[in-house]
S.K.: 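Handing you this structure, nothing more for now.
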Amino acid sequence: MKNAMEEVRVSAAWVAGRSSHVLVDSSGIEKVVETIQDNIPKVEWDFEGIHYFDNGPLTVQYLFVLDALNFCFWPGPQLRKLLKWPRPLPLEDERVRLLHEVGFELERSFGGKASNLVESCGKSAAKLVSLITSHFPGFRDHAVYKGRQVFLYKRAQIFVADLYGAFKGQGYGEFIDISSITIFADYIVPAVLRQLGVLRYSSSLASIVDTNNEIGSGSEEEVELRACSIYAVEKMRDLIRRKSGKQVLTVELDLWLWSFGVQCPSLPYHRTLSIYY
């Protein structure tokens with residue numbers, strides 16, 4: 001079985017080296033690392049206050065269903081309010097289809113239990129991502145960029161991170177290679193990296209993002225936004241290690257960046273209709 005996480009890193013670096021709409025700014029990375037290297041942000045998963053948690057297999061089942069549907073929450077002006085929304089969610093039919101897909105394949109291959117899926121990975125985060133993306137087509141988050149396949153795997157990786165955070169690195173959340181997980185390339189992280197000066201957009205892309213116009217799924221701009229975000233944060237993590245000698249997980253940096261973005265709701269982010277994030 002191929003190492004899914006190595007595929008993500010290699011293809012993200014390949015895109016970053018050829019990107020024309022998004023630039024990874026090394027000086028911006030340096031400045032951010034200088035700011036945080038002596039006080040690396042630690043953001044705790046506030047899991048039990050928000051999600052279902054029983055410290056057992058049912059939580060694993062809940063998380064897998066949650067992350068099967070964890071995509072496309074950017075709102076239109078009339079987005080329905082929780083439980084009383086008068087209009088459909090974006091891609092609502094796709095969410096129903098993916099629920100059916102997940103249920104069918106769990107029953108067919110894993111005795112109906114996501115916990116069996118997790119147990120079959122041998123505590124390897126990379127193997128779990130590979131298993132998910134091989135068995136569940138709705139998690140196969142990849143694209144073709146300039147003739148080459150690019151792997152991003154946001155929702156498969158975030159399931160691993162949710163397990164790790166919910167179970168505090170123990171039991172179903174214990175992974176010997178949790179450091180292999182990259183950031184979860186979504187809407188918020190690229191916007192935060194741009195705000196921090198780590199990513200720079202071309203004038204045409206900046207205009208599209210800043211005016212809330214949609215960017216096509218699988219377009220060069222969209223793939224560059226996501227792949228360059230992955231590459232940039234890997235560079236950030238490596239620089240922190242070299243400068244401070246401290247080990248930092250990319251999932252920790254992702255949670256910090258995401259929390260930063262949530263605190264800045266007016267931050268302009270790219271809008272793409274996609275089942276992958």
Side-chain angles (χ1 to χ4, degrees), residues 4-9 11-13 15-16 22 24 28-29 32-33 35-37 39-47 50-51 63 66-67 70-74 125-126 128-129 132-133 139 141 150-169 173 175 177-199 222-241 244 246-265 267 269-270 272 274 276-277:
M5 298 320 309
E6 186 63 20
E7 289 180 327
V8 171
R9 283 183 170 81
S11 59
V15 171
V22 181
V24 178
I29 293 175
V32 173
V33 170
T35 302
I36 69 173
Q37 66 174 340
N39 187 24
I40 297 170
K42 287 283 186 181
V43 183
E44 297 292 332
W45 267 263
D46 180 18
F47 196 86
I50 302 173
H51 298 284
L63 286 173
L66 175 73
D67 288 326
N70 186 5
F71 59 86
C72 201
F73 290 105
W74 54 270
L128 182 53
V129 171
I132 292 169
T133 54
F139 284 86
D141 177 12
V150 175
F151 303 90
L152 300 160
Y153 293 154
K154 184 262 184 182
R155 289 195 291 107
Q157 290 195 75
I158 208 168
F159 175 58
V160 174
D162 282 344
L163 290 168
Y164 176 76
F167 290 92
K168 302 187 186 305
F175 298 101
D177 57 349
I178 190 63
S179 62
S180 69
I181 297 299
T182 70
I183 63 156
F184 319 123
D186 61 2
Y187 307 99
I188 292 179
V189 171
V192 173
L193 292 174
R194 181 192 184 196
Q195 178 75 9
L196 294 173
V198 170
L199 295 184
E222 189 239 3
V223 175
E224 288 178 13
L225 281 162
R226 301 182 70 207
C228 288
S229 296
I230 292 171
Y231 177 76
V233 179
E234 288 302 297
K235 289 294 182 186
M236 190 185 301
R237 181 180 73 160
D238 291 344
L239 188 58
I240 290 171
R241 286 175 173 171
S244 69
K246 296 177 181 177
Q247 300 295 314
V248 58
L249 296 175
T250 305
V251 293
E252 294 171 331
L253 290 175
D254 180 275
L255 192 55
W256 170 63
L257 291 165
W258 187 85
S259 299
F260 184 107
V262 168
Q263 293 166 19
C264 303
L267 210 59
Y269 54 87
H270 75 282
T272 297
S274 170
Y276 296 117
Y277 62 102

S.K.: Under the 3.5 angstrom rule, does the side chain of Q195 hit a backbone N or O of C264 as a donor-acceptor pair?
M.R.: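 Absent.
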S.K.: Does any part of the side chain of Q247, heavy atoms only, come nearer than 4.5 Å to the side chain of S179, both counted from C-beta?
M.R.: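 Side chain of S179 against side chain of Q247, heavy atoms only: no contact under 4.5 Å found.
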S.K.: Short question: side chain of D141, backbone of Y153 - any donor-acceptor pair under 3.5 Å?
M.R.: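 Yes.
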S.K.: With side-chain contact (heavy atoms from CB on, under 4.5 Å) as the criterion, how do I158 and N70 come out once you've worked through the C-alpha distance, each side chain's angles and the decisive distance to 0.1 Å?
M.R.: CA-CA 9 Å; I158 208 168; N70 186 5; 4.0 Å; yes
S.K.: Run the side-chain contact (heavy atoms from CB on, under 4.5 Å) check on I36 and I240 step by step: do they pass?
M.R.: CA-CA 8 Å; I36 69 173; I240 290 171; 3.9 Å; yes
S.K.: Measure across V192 and L257 and return the closest heavy-atom pair with its distance rounded to 0.1 Å.
M.R.: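 Of all heavy-atom pairs spanning V192 and L257, the closest is CG2-O, 3.5 Å.
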S.K.: Mind checking the CG-CZ spacing from D254 to F184? Nearest 0.5 Å is all I need.
M.R.: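 Here the interatomic distance stands at 5.0 Å.
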S.K.: Would you say the ring centers of Y187 and Y277 fall short of 6.0 Å from each other?
M.R.: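 Between Y277 and Y187, which both carry aromatic rings, the centre distance is below 6.0 Å.
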S.K.: To the nearest 0.5 Å, what is the distance between CG on L196 and OG1 on T35?
M.R.: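 Result: 8.5 Å between the selected atoms.
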S.K.: Measure the shortest side-chain to side-chain distance between K154 and Y276 over non-hydrogen atoms and say whether it is less than 4.5 angstrom.
M.R.: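 No. Closest side-chain heavy atoms not under 4.5 Å.
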S.K.: Is I230 close to T250 at the side-chain level, that is, under 4.5 Å between some pair of heavy atoms?
M.R.: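 A side-chain contact under 4.5 Å is absent here.
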S.K.: If you compare all heavy atoms of I181 against all heavy atoms of Q157, which two are closest, and at what distance to 0.1 Å?
M.R.: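 Result for this residue pair: CG2-OE1, 3.2 Å.
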S.K.: Report yes or no: does S11 contribute a side-chain atom to a donor-acceptor pair with the main-chain N or O of F151 at less than 3.5 Å?
M.R.: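 Yes: the side chain of S11 pairs with the backbone of F151.
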S.K.: Under the rule for side-chain contact (heavy atoms from CB on, under 4.5 Å), what residues qualify as partners of A191, not counting sequence neighbours?
M.R.: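 A191 satisfies side-chain contact (heavy atoms from CB on, under 4.5 Å) with L267, Y269 only.
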S.K.: Check whether the side chains of E234 and T182 place a donor and an acceptor atom closer than 3.5 Å, and report yes or no.
M.R.: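 No.
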S.K.: Could you tell me the separation between the CD atom of E222 and the OG1 atom of T272, rounded to the nearest 0.5 Å?
M.R.: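 Spacing of CD (E222) from OG1 (T272) equals 4.5 Å.
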S.K.: Please find the pair of heavy atoms, one from S229 and one from V189, that lie closest to each other, and give the distance.
M.R.: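 Reported closest heavy-atom pair: CB-CG1, 4.5 Å.
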S.K.: Of all the heavy-atom pairs spanning G261 and I188, show the shortest one and how long it is.
M.R.: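 Smallest interatomic distance, heavy atoms only, reads CA-CG2, 3.7 Å.
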S.K.: To the nearest 0.5 Å, tell me how far D162 CG sits from F167 CZ.
M.R.: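 Output value for this atom pair is 10.5 Å.
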S.K.: If you round to the nearest 0.5 Å, how far is CD of E252 from CZ of R237?
M.R.: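 Atom-to-atom, R237:CZ and E252:CD are 10.0 Å apart.
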S.K.: For the pair V24 and Y231, evaluate side-chain contact (heavy atoms from CB on, under 4.5 Å) and give the outcome as yes or no after the intermediate values.
M.R.: CA-CA 8 Å; V24 178; Y231 177 76; 4.0 Å; yes
S.K.: Using atom types as modelled and distance alone, determine if a side-chain donor or acceptor of S244 lies under 3.5 Å from a backbone N or O of K246.
M.R.: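 Yes, S244 side chain to K246 backbone: donor-acceptor pair under 3.5 Å.
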S.K.: Considering all heavy atoms of both residues, which atom of C228 and which atom of A16 are nearest to each other, and what is their separation?
M.R.: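 Closest heavy-atom pair between C228 and A16: SG-CA, 3.9 Å.
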S.K.: Check whether R155 reaches the backbone of D67 with its side chain - one donor and one acceptor, N or O, closer than 3.5 Å.
M.R.: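 Flag set: sc R155 to bb D67 pair under 3.5 Å.
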S.K.: Is the closest side-chain heavy-atom distance between L239 and V32 below 4.5 Å?
M.R.: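 No, side chains not in contact.
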S.K.: Can you tell whether the side chains of R226 and D186 come within less than 4.0 Å, N to carboxylate O?
M.R.: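 Looking at R226 and D186, the cut-off is not met.
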S.K.: First locate atom CZ of F159, then atom CG of L63, and finally report the distance between them rounded to the nearest 0.5 Å.
M.R.: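 CG of L63 is found 6.0 Å from CZ of F159.
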S.K.: Please examine the side chains of V129 and F139, heavy atoms only from C-beta on, and report whether any two atoms are closer than 4.5 Å.
M.R.: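 Side-chain contact under 4.5 Å: no.
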S.K.: Would you check if the side chain of D177 reaches a backbone N or O of A125 as a donor-acceptor pair within less than 3.5 Å?
M.R.: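 Present.
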S.K.: Considering all heavy atoms of both residues, which atom of M236 and which atom of L193 are nearest to each other, and what is their separation?
M.R.: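 Scanning both residues, the minimum pair turns out to be CE-CD2, 4.0 Å.
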S.K.: Is it true that R9 and E6 have a side-chain N and a carboxylate O under 4.0 angstrom from each other?
M.R.: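 No, this pair does not count.
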